[in-house]
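To keep things clear, I will list the structure first and then write my remarks on it.
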Amino acid sequence: MPSLALVFIVVLTSAGAFAIALRGIGLRGAALPGAIRQALECLGLAVLLLLGNLALGLVLVLGLRAVTGRFISVYILNDVALPIVSLVQALVLHCWRARSK
């Protein structure tokens, strides 16, 4: 039941944002599919960057284990900040690419 409530909230806020964008801001409805495509590209880039960050973190942890001989837990990579930072990396890279065109 809670997940259904979250879906309902997201649908309502999306519909409200759509109405405000069309009437209040004056955005064109025809541009929405392109915006969705760009958002999905950015999310895909965020997933790739997250995988890269996790892979590099794993290499660093295992390398430090080998060099220092001390146990370093891989669980340090299990931090909620890593996906957020990966998303910020993707947003910056996506905006940079868009401005460079």
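When reading the values below, keep in mind they use all heavy atoms of this one structure, side chains included, and skip hydrogens, waters and symmetry mates.
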Per-pair distances, 0.1 Å, donor-acceptor, side chain in residues 24-52, under 3.5 Å, sequence neighbours excluded:
residue	atom	partner	partner atom	Å
Glu41	OE1	Arg97	NH2	3.2

Given Phe8, which partner from the list Leu12, Leu4, Val11 fulfils the side-chain contact (heavy atoms from CB on, under 4.5 Å) test?
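Single side-chain contact (heavy atoms from CB on, under 4.5 Å) partner of Phe8 among Leu12, Leu4, Val11: Leu12.
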
Just how far is it from atom [atom1] of [X] to atom [atom2] of [Y], taken to the nearest 0.5 Å?
X     : Y      : atom1 : atom2 : answer
Leu93 : Ser100 : CG    : OG    : 9.5 Å
Phe18 : Arg23  : CZ    : CZ    : 9.0 Å
Leu58 : Leu62  : CG    : CG    : 4.5 Å

Any pair counted as side-chain hydrogen bond (donor to acceptor under 3.5 Å, both in side chains), so long as it reaches residues 59-74, sequence neighbours left out:
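Residue pairs passing side-chain hydrogen bond (donor to acceptor under 3.5 Å, both in side chains), neighbours aside: none found.
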
Closest non-hydrogen atom pair between Leu82 and Leu54, with its separation
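Closest approach of Leu82 to Leu54, heavy atoms only: CD2-CD2, 3.3 Å.
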
Can you name the closest pair of heavy atoms from Ile76 and Asp79 and give their distance?
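In this case the closest contact between Ile76 and Asp79 is O-CB, 4.1 Å.
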
Is it the case that one hydrophobic cluster holds both Leu64 and Val61, taking links as side-chain heavy atoms less than 4.5 Å apart, direct or via other members?
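Same cluster: Leu64 reaches Val61 through Ile, Leu, Val, Met, Phe, Trp or Tyr contacts under 4.5 Å.
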
